[in-house]
Every structure is written in structure tokens, then in C-alpha cells.
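What follows is a single structure, written as C-alpha cells, with notes after it.
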Amino acid sequence: MAGLSTAMTISAKAELLSAGHCFLATATPTASSSSSTSYTSVSSMAGIAVGMSFTGTNVGAGSVVSEITSSTAFTSSVASTGSISGGTLTFVADTFKLALFKVGVAGTYGAATVNYTDMTGNSDETSGAGYSAGGVALTNVSPTTSGTTGFITFSPNPSWTSATFSTIGALLYNTSVRLGGTSGTNTTGGGRALGVYDFGGTQSVSSGTLTVLMPAATSSTAVFRIQ
Amino acid sequence: MSLLESLNATGGVGTIKTMVNPSGGNHPAFDWAKNTADEIFNPVVDEANANDVVSVRSMITSVLEPVFDYAIQRERLTLKNVEDHCSKQIDAHLDAELALKNIYKLPEHIWTNKLTNSDWYHAALCYIGTMIATAKHIERLLFADANPNNTSAQNYKLGDK
């Protein structure tokens, strides 16, 4: 039966176990390098993971952390283009987006949803002034734990201004390609769905502002959590 | 589940709510305050204490509203006066701390001790901070809508941050 059921997608569970999603927040430590793939004297390796892209002055285009070699050093996929002496580097993890479903969806969405392309394949994404296809990018807040539960949140909440559209729910998905292979109908591996959220009714806005409120980041209410 | 209650957590996804301002512009400070109070103060109680919950939540809303109002007005003014303000990271931490200080100044009630619990404090601080950051975020989006020639604002909106 067409419609939405709030759920974590089953596919996301396997993908998490396959290092398919990285929710780390942007990190900005200082480091040194000299026309090399070796980066040393990193002020803090906290929140840095293999696969994160990074930028900075004299950082080679497309640089990605390829190996963590010590508590203060890592290897990059691309050599630095010049001298970096205690320069600030900006590391970013995956980009997650929240896309909105239209009213009267044709498809069925919930735990079995696999990819953003499930939504677009059924033409079930909302549209209208102020809404761009794909939804809005979210700002990661690094994962944390409380008790026996790990969870994540995003901040600020996603908002649409000067907007005219209606929606019944949202799809949280990962735009970054961390895992190869096909995901649903997406052969590049991007767009992997993490959660479907039913708003419990139609939310309409006409030349107005719509804000989606993420729940409080606790072990029992966070928008995405694992016990 | 209640933010205040310590329950066996289950994995999964949380409940997402929405706020709509049909008039355009930012959500009113009262709406920000009320939605925040609803989320951070929602103890599970029996009917005998239901009115007390409403009363305390109303008090929390009343001390949060001026914090949101000030944060929004300040962001709006800064956007107007600083050309590339959108290139700076949104900072809501001090506003959130002030909001919590105001909550702790409320007259004593039956949940006063529970609100001093470290877990509640940090969760509430995070949530209030996120809501204030979102209010400021919307000011930036609105500024971008009204100022198509402001590069910083347009880059901000394109970044969907």
C-alpha cells in the first residue's frame, strides 16, 4: 500500500557495518606537510577518519585521508603542492540530505527503502517554489553515545524559505559515495537511504517558511540511533 | 519517550516534527520557544500532575522567548551591517547557555532536581543550541532571498547550510 512508515532502512544497517556512512562533523586541526603525501604534527586526530576529504592552503586537489599512520600523522591520497607548516586543514565526512515526499506518493517507503532513486523513480519527491530537487544538505554533528546507544543528529535544522509546496514526510540519505556497487537503481552507489520519516499529516506552505525539527539528540529520541 | 525519563533506548529513527510560518519570514520567537520547551520538558506523568507540566512548560517557554527574539534580531542586524557575515560559522552556544541559566532561575517546581541532571543539561543545551542556530540559519536564508547580489549569502544558500 502506497505511503510512508517511519523507519531506519534495513539496507543502512548493513552499509554501516561496511563503513558505508561517515557522520563525523567537519574538523579543522593544523598539520604540516612538504610536497608530500605525508602529513605530520597534526594538532588533533580526533574526528578524522580514512576516506574523509580535506582542503587547505597547498593541499592537493581531491585529497583524501588514505591511512592513519600515528596519533599525529596520516597519509593523503594526493601529495601536498607546497610547504604546509602548521596550516589549518578542513576535513569533511559524508554529506547527508533530507528530501521531502510529495502528497499522494505512488510508492511505499519505510524499512525496505534503499535509495533516493526509489523516491525519484516513482516521481514521489515534492516540488514547488523554494524547493530544489534532492532536498537540502545537512550539517553533521559528530556521533556520540549515551548508555548503550550511539546516535547522531544534525544542526541547524533544515529549512525552506520563500517556499510553496506540500509534503507528507522526508527521506534521509547519503549523497557521498563511500561504498561501490549498485544501491537500488543507483549504479554509482550514491543516494543510499538511511531513514524514512512520516510527518503524520500534510505540511503545506505558501510563500512561507517550512522548518523540519530534528528530535533531541538523546539515546531514546535522536533522529538516527543504534543500540 | 520523554527526554527526562531514563528508559531502555531502542535503535531506530526519531520523530521529526515541522514548523510552518505561512506568512513567510522567520518563525516567531514564541514558536521557537514553545517548540523547544515542548521537546526539552516532556515528563511522563499521571493526570494529577498534568497541569503542573503545562505550567512549568509555559514558564520555560516564557524565559526562552526573549532569548530567541534577541538571537534573531542580533543576527538580522549583523547581516545588514556586515557584508560577508554568512561566511562565518553560526554560533549559538552562548545563547543556549543563557537560555538554560534562565530556566534554572525559575521558581522551584517538582522537577527542579531532575533538570539539574547532567544528562538532561547536555541534551537540553544541545537542543536549544540547535534551535537557536536554526533561527539564525533562517535569517541567513531570508537575507539571501532578499539580497541576490550578496556573494557570501548566495554561497551560504547554495551550500544549504
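If you're wondering where the values come from, they're calculated on a predicted model, not measured in any experiment.
- Heavy atoms of other residues, nucleotides or ligands lying less than 6.0 angstrom from NZ of B/Lys88 number more than 12.
- Counting only heavy atoms from C-beta outward, the side chains of B/Ile138 and A/Thr211 approach each other to under 4.5 Å.
- When side chains are defined from C-beta on, A/Val205 does not count as touching B/Pro22, because their heavy atoms never get closer than 4.5 Å.
- Of the atoms belonging to A/Phe151, not a single heavy atom falls under 4.5 Å from chain B.
- Between the CG atom of B/Leu142 and the OG atom of A/Ser162 there is a distance of 6.5 Å, given to the nearest 0.5 Å.
- When each of A/Ala170, A/Gly195, A/Ala7 is scored by its heavy-atom pairs under 4.5 Å with chain B, the top score falls to A/Ala7.
- In terms of heavy-atom pairs under 4.5 angstrom with chain A, the leader among B/Gly25, B/Cys126, B/Ala144 is B/Gly25.
- B/Thr15 is not listed as a side-chain neighbour of A/Pro215, based on a closest heavy-atom distance of 4.5 Å or more.
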Exercise for review: Determine, step by step, whether B/Lys157 and A/Thr161 satisfy the side chain to side chain contact (heavy atoms under 4.5 Å, CB included) criterion, reporting the C-alpha distance in whole Å, the side-chain angles of both residues, the deciding distance to 0.1 Å, and the verdict.
Suggested key: CA-CA 10 Å; B/Lys157 183 153 188 174; A/Thr161 58; 3.7 Å; yes
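- Side-chain contact, B/Asn21 with A/Thr209: no donor N or O sits under 3.5 Å from an acceptor N or O.
- Taking OG1 from B/Thr130 and CE from A/Met214, the interatomic distance works out to 10.0 Å, rounded to the nearest 0.5 Å.
- Only the side chain of B/His27 comes within less than 4.5 Å of a heavy atom of chain A; its backbone N, CA, C and O stay farther away.
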Exercise for review: List the steps, then state whether side chain to side chain contact (heavy atoms under 4.5 Å, CB included) holds for B/Val13 with A/Thr6.
Suggested key: CA-CA 7 Å; B/Val13 295; A/Thr6 296; 3.5 Å; yes
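- Taking a 6.0 Å sphere around NZ of B/Lys34, one finds it holds 12 or fewer heavy atoms contributed by other residues, nucleotides or ligands.
- Counting non-hydrogen atoms of other residues, nucleotides and ligands closer than 6.0 Å to OH of B/Tyr104 gives a total above 12.
- Contacts of A/Phe224 with chain B are made by both backbone and side-chain atoms, with heavy-atom separations under 4.5 Å.
- Looking at B/Thr134, its side chain does come within 3.5 Å of a backbone N or O of A/Asn157 through a donor-acceptor pair.
- Ranked by non-hydrogen atom pairs under 4.5 Å with chain A, the options B/Gly129, B/Gly24, B/Ser23, B/Ala133 are led by B/Gly24.
- For A/Ser206, the part lying under 4.5 angstrom from a heavy atom of chain B is the backbone only.
- Closest approach of A/Gln203 and B/Thr18 over heavy atoms only: OE1-OG1, 2.7 Å.
- In terms of heavy-atom pairs under 4.5 angstrom with chain B, the leader among A/Gly150, A/Ala163, A/Ala222 is A/Ala222.
- In this structure, the side chains of A/Leu213 and B/Glu39 stay at 4.5 Å or more apart for every pair of heavy atoms.
- Side-chain contact annotation: A/Ser159 with B/His137, donor-acceptor N/O pair under 3.5 Å absent.
- Contact of A/Ser132 with chain B is not made at all, since no heavy-atom distance falls under 4.5 Å.
- Closest approach of B/Ala123 to A/Thr218, counting heavy atoms only: CB-CG2, 3.7 Å.
- With a 4.5 Å cut-off on non-hydrogen atoms, A/Ser207 touches chain B through its backbone but not through its side chain.
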